[in-house]
Participant: 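Before I ask anything, here is the structure I am working with.
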Number of protein chains: 2
Amino acid sequence: MGLALCLRCHIEFYQNMNLAITPESVKVACSNCNLRELCMPTGFNTDDMKKLDEVVATRRRVKQGDMLFSNGDVFTSLYAIRTGFFKTCVSTEDGREQVTGFQMAGEIIGLDGIVTDLHSCNAVALEDAEVCVMPFAKVEDLSREFPLLQRHVHKIMSREIVRENSVMMLLGNMRAEERLAAFLLNLVQRLHARGFSQSELTLRMSREEIGSYLGMKLETVSRAFSKFSDEGIIEVKQRYVRILNSDALKKIFNPETCS
Amino acid sequence: MGLALCLRCHIEFYQNMNLAITPESVKVACSNCNLRELCMPTGFNTDDMKKLDEVVATRRRVKQGDMLFSNGDVFTSLYAIRTGFFKTCVSTEDGREQVTGFQMAGEIIGLDGIVTDLHSCNAVALEDAEVCVMPFAKVEDLSREFPLLQRHVHKIMSREIVRENSVMMLLGNMRAEERLAAFLLNLVQRLHARGFSQSELTLRMSREEIGSYLGMKLETVSRAFSKFSDEGIIEVKQRYVRILNSDALKKIFNPETCS
DNA sequence: CGTGAAGTTGATATCTGTCAAGCTACGTGG
DNA sequence: CCACGTAGCTTGACAGATATCAACTTCACG
């Protein structure tokens, strides 16, 4: 899965990956899943592919607002998102919450639980969702059998580490508008890789959740949206966002070029 | 390796791990390394242990200020720190640098390179260091043979993800003094797990590097140190720090108790 | 013992947070 | 089908935390 991550831009560049999502797909097996290229390694023959179908034990539906897992839950499985949109967040006892990521179809959540066998964050569905449940013991078993799968699992974890590095850069070094610009470009880029528009998106999260992710208050998020809108860079209407000038958005956090 | 990570505190609690570091140790094999419990899984018999010695291909010395690897380098190996102290950092073309972590003996660096086969950050030695070079292909081979090693590798990567989650919480939700307090407690805790003092430490990094990690400017770091010092919570003399009142330090970022 | 890097401290500027008011959109129930 | 209520969003005024700029001090190293 040729993927390069531009730390500067906080944008992932997927190659050979432009998958239309047909919500009508019925088959349970990975081998027939149209998200396969996002979740699973490629390069298997049909026989091996069938064996790999075992990775997914079951499917699970999660209603909007419900948690797939939460802090303290026993870790048993990774989850591949089939449909829907999630946020993961950690929180302190005094109620401060930090959104650590937003995840969409084809992305894997639950990696936080491996180290202690307990989840250390909450995964909340931001819209009705369906996930593939992949018992981690099974993932490990099959990984030992299939080096390609093993490598794939390692890449997924490494990608998450690198993504978090880029979020640290955002939080530590960038200013409010730079953060929001990077965030929007990252979102639209990931959506585009899934067959959606390069320039339009509907946010699945509130201003407050965006702010929590980007380390700023909801009012600051709102102001930044308004500023971009005033400058003609984007069009915003509540959660609908249209990017009118992608280059201008890129320039906000990267005065020069962004590969 | 019983490890729990308190997100609130940004403190890792290691269990059964209090290893004095004897710089005189000569043996090359993991099986004879006194850092084994930090780097390697436990529970192997002597025969398996010998096979696992193959994980480490060579040792490599890195002089203070030199890079173990840098952004864009081809990824081949993970590195286990034997002696010395590293920082990892990412940077943008316009020169902004974000320190993403500080690593000490027994910790593993290089995980960022797995996803793209290229390193996406720099690893700089903050003091003369020696690392064990673990070719990743060999790690993967042996992981397929030894489930305990496989699990161990997964835990190391998951731990890094969880650590970065807690840094995101620091950067996104905490104020300057809270960040520094959490940072000091985390450092001293990790040093203590390696047989050093619970209350004294010598910083291996500059104020600027601390600031970069914590998302603040060096002057702000310095002021926070001075404030803690004025309040009698710590004693500071340049890079020497003595924690006089650990509870007060904990209270700064956690008004109640911190487990 | 001199020189420069690192660290400290003060004065001021700037960005983002806070508080408050009003607006918009959406869902619910009459 | 409309009215109402609420949650989410926007905007303004002001406050506060941290950044910036600058001067000075300390320490490490040659």
Side-chain angles (χ1 to χ4, degrees), chain A residues 63-65 87 94-99 124 126-128 170-184 201-231 234-241 252-253, chain B residues 63-65 87 94-99 124 126-128 170-181 183-184 201-231 234-242 252-253:
Chain A
K63 278 211 170 320
Q64 180 169 25
K87 70 170 176 181
D94 65 347
R96 287 187 274 190
E97 184 175 288
Q98 174 71 39
V99 172
V124 182
L126 296 179
E127 58 182 359
D128 289 354
L170 272 189
L171 293 172
N173 274 294
M174 309 250 218
R175 286 180 310 135
E177 286 166 30
E178 296 179 296
R179 296 182 201 186
L180 187 65
F183 171 73
L184 286 175
L201 68 156
T202 301
L203 300 170
R204 298 271 113 100
M205 69 295 280
S206 68
R207 300 290 189 263
E208 187 167 18
E209 285 161 335
I210 295 172
S212 173
Y213 183 57
L214 298 178
M216 49 208 252
K217 294 295 163 185
L218 69 94
E219 293 95 331
T220 308
V221 175
S222 181
R223 277 184 243 273
F225 270 121
S226 298
K227 178 129 186 282
F228 292 167
S229 182
D230 291 347
E231 293 169 345
I234 63 173
E235 185 189 326
V236 196
K237 203 178 181 192
Q238 302 287 121
R239 297 196 175 183
Y240 167 83
V241 177
I252 285 170
F253 64 97
Chain B
K63 279 210 168 325
Q64 181 169 24
K87 70 169 177 182
D94 64 346
R96 288 187 274 190
E97 182 175 290
Q98 174 70 38
V99 171
V124 181
L126 296 180
E127 58 182 0
D128 289 354
L170 272 190
L171 292 173
N173 274 294
M174 308 249 220
R175 287 180 308 134
E177 285 166 31
E178 296 178 298
R179 296 182 202 185
L180 187 65
F183 170 74
L184 286 175
L201 68 157
T202 301
L203 300 170
R204 299 272 112 103
M205 70 295 281
S206 68
R207 300 291 189 261
E208 186 167 19
E209 286 161 336
I210 296 172
S212 172
Y213 182 58
L214 297 178
M216 49 209 252
K217 295 295 164 185
L218 68 94
E219 294 95 330
T220 309
V221 175
S222 180
R223 277 184 242 273
F225 270 122
S226 298
K227 179 132 187 281
F228 291 166
S229 181
D230 291 348
E231 292 168 347
I234 64 173
E235 185 188 329
V236 197
K237 202 178 182 192
Q238 302 286 122
R239 297 196 175 183
Y240 167 85
V241 177
R242 178 177 199 143
I252 285 170
F253 65 97

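The shown structure was predicted, so the numbers you read here are calculated from the model rather than taken from an experiment. Residue numbering restarts at 1 for every chain, and letters A, B, ... go by the order of the sequence lines.
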Participant: Any salt bridge between A:Lys227 and A:Glu231, counting N to O under 4.0 Å?
Facilitator: yes
Participant: Quick one: side chain to side chain contact (heavy atoms under 4.5 Å, CB included) partners of A:Arg204, sequence neighbours excluded?
Facilitator: A:Phe85, A:Leu126, A:Glu127, A:Thr202
Participant: Between B:Ser222 and C:dT9, is there a contact of a side-chain N or O with OP1 or OP2 at under 4.0 Å?
Facilitator: no
Participant: How close or far is atom P of C:dT8 from atom CZ of B:Phe225, stated in whole angstroms?
Facilitator: 8 Å
Participant: For B:Glu209, give me all partners under salt bridge (Lys or Arg N to Asp or Glu O under 4.0 Å), at least two apart in sequence or on another chain.
Facilitator: B:Lys87
Participant: For A:Gln98 and B:Asn173, test the side chains for any donor-to-acceptor distance below 3.5 angstrom and give the result as yes or no.
Facilitator: yes
Participant: State which residues pass side chain to side chain contact (heavy atoms under 4.5 Å, CB included) with B:Gln238; sequence neighbours excluded, sorted by chain then number.
Facilitator: none
Participant: I'd like to compare against my own output: the B/S/- annotation of nucleotides 13-30 of chain D with a strict under-4.0 Å heavy-atom distance to protein.
Facilitator: B----SSBB-----S---
Participant: To the nearest 10 degrees, how far apart in direction are the end axes of the helix from C:dC1-D:dG30 to C:dG30-D:dC1, each fit to five base pairs?
Facilitator: 50°
Participant: Using atom CE of B:Met205 as one end and atom P of C:dG7 as the other, report the distance to the nearest whole Å.
Facilitator: 11 Å
Participant: Mind checking what makes salt bridge (Lys or Arg N to Asp or Glu O under 4.0 Å) contact with B:Glu208, not counting sequence neighbours?
Facilitator: none
Participant: Could you tell me the separation between the CZ atom of B:Phe228 and the P atom of C:dT8, rounded to a whole number of Å?
Facilitator: 13 Å
